[in-house]
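Here is the naming used below: chain letters follow the sequence lines, and residue numbers restart at 1 for every chain.
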There are 2 protein chains.
Amino acid sequence: MDKEAILITARCPIRTTLELLGGKWKLLILFQLHHAPFRLSALRKNIPDISEKMLIQELKSLQESGLVLRQNFGEVPPRVEYQLTAIGRQTMPLIEQMRAFALAYEEELRRNTASGQ
Amino acid sequence: MDKEAILITARCPIRTTLELLGGKWKLLILFQLHHAPFRLSALRKNIPDISEKMLIQELKSLQESGLVLRQNFGEVPPRVEYQLTAIGRQTMPLIEQMRAFALAYEEELRRNTASGQ
DNA sequence: CTGTATCCGCGGCGATACTG
DNA sequence: CAGTATCGCCGCGGATACAG
């Protein structure tokens, strides 16, 4: 690998992803939407400890990034569904890797405590 | 997939990874250490805009999580090297996915601007 | 039901000075 | 060179009230 590639500049893929998906909630929301489109109230139920403000705020951020699509059915009472865009669906391998890493990490923890650490 | 698996509880793999690797700097540091062990000063050079306080603080956090190993050579002047542990090395697929996603995202951006959006 | 508006605490993060 | 100590900003994120 090129030596120059080690230097981390302001514009670097990792930082880009961090800006798009960083923070406490975005990946959890995307994980939800990977299963199916959801209404706001359903998302709140599935992520019990998120506040309404943060949920809407993060959904808006994800829309503006082009990762999530907001579909307003224009009914009364209001009905709005959120779903992933094509590029939003591409966060799935990333989320899978996060899950895989967490499981490997917890397995490692168990091994260490078991071996009398 | 089981319907129950959609609910995101306080203990969930995604949150675990978020706690271990969340924040502005940890993944950038791990990416550095993936290439080779580094001294503190070298890390600072390769991540130009990190403050010394944050670098040390995040390195300490990564040590406590068991992802990074601190090796003190006990010389004068001081010489300390940081390197990944076995489990720390397992963050690599995750980082690779972050890079892959950022590239796909930027490609998507270019396509959209090109097609007269 | 789907949002907006407002207030605010806390902690992430940075800047600077200092030490062994 | 590799840290520690201290101070302070500011923005993330939470609570609550209100609106269409």
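For the pair B/K60 and D/dT4, the criterion of a side-chain N or O lying under 4.0 Å from OP1 or OP2 is met. Between A/R70 and the phosphate of C/dG3, there is a side-chain N or O to OP1/OP2 separation shorter than 4.0 Å. Between B/Y82 and D/dC1 there is no side-chain polar atom (N or O) within less than 4.0 angstrom of OP1 or OP2. Taking side-chain N and O atoms only, A/R39 has a distance below 4.0 Å to OP1 or OP2 of C/dT2.
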- Message: For A/D49 and B/R15: C-alpha separation, side-chain torsions, deciding distance, then whether salt bridge (Lys or Arg N to Asp or Glu O under 4.0 Å) applies.
- Response: CA-CA 12 Å; A/D49 52 346; B/R15 299 208 199 214; 2.9 Å; yes
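Comparing A/G23 and A/P78 by the nucleotide of DNA chain D that holds the closest heavy atom to each, the one mapping nearer the 5' end is A/G23. Summary of the strand contacts: B/E58 and B/E52 both lie near DNA chain C, and taking for each the nucleotide with the nearest heavy atom, the more 5' one is attributed to B/E58.
Evaluation of atom-type donor-acceptor distances gives no pair under 3.5 Å for the side chain of A/K24 against the base of D/dG13.
Among the heavy atoms of the strands lying under 4.0 Å from B/I56 is at least one base atom, whether or not backbone atoms are also near. Using a 4.0 Å heavy-atom criterion, one finds that B/F73 contacts no nucleic acid atom at all.
Residue B/I47 contributes atom CD1, which lies 11 Å from atom P of C/dG14 at whole-angstrom precision. At whole-Å resolution of the value, CD in B/Q63 and C1' in D/dA2 are 12 Å apart. Atoms CG (A/L27) and P (D/dC12) sit 16 Å apart, rounded to a whole Å. Between A/R44 atom CZ and C/dC1 atom P there is a gap of 10 Å when expressed in whole angstrom units. Atom CD in A/E81 sits roughly 16 Å away from atom C1' in C/dG3 (whole-Å rounding). Rounded to whole angstrom, the span from the CD1 atom of B/I50 across to the P atom of D/dG3 amounts to 13 Å. In this structure, A/Q57 places its CD atom 10 Å from C1' of D/dG11, rounding to the nearest Å. Rounded to a whole Å, the CG atom of A/L55 is 17 Å from the P atom of D/dC12.
Below 30°, between 30° and 60°, or above 60°: for B/F31 and B/H34 the angle between ring planes is below 30°, a parallel geometry.
The B/K53 side chain lies nearest to D/dT6 when the options are C/dT4, D/dG3, D/dT6. Each of C/dT2, C/dC13, D/dG13 was ranked by its minimum atom distance to the side chain of A/M54; first place goes to D/dG13. Set against D/dC1, C/dG14, D/dA15, the side chain of B/S41 has D/dC1 as its closest nucleotide.
Looking only at distances, no side-chain donor or acceptor of B/S65 sits under 3.5 Å from a matching main-chain atom of B/L20.
Exactly one of B/K26, B/K24, B/K53 qualifies for a salt bridge (charged side-chain N to carboxylate O under 4.0 Å, His left out) with B/E58. That residue is B/K26.
Both B/I6 and A/L40 are part of a single hydrophobic cluster, where members link through side-chain heavy atoms under 4.5 Å apart.
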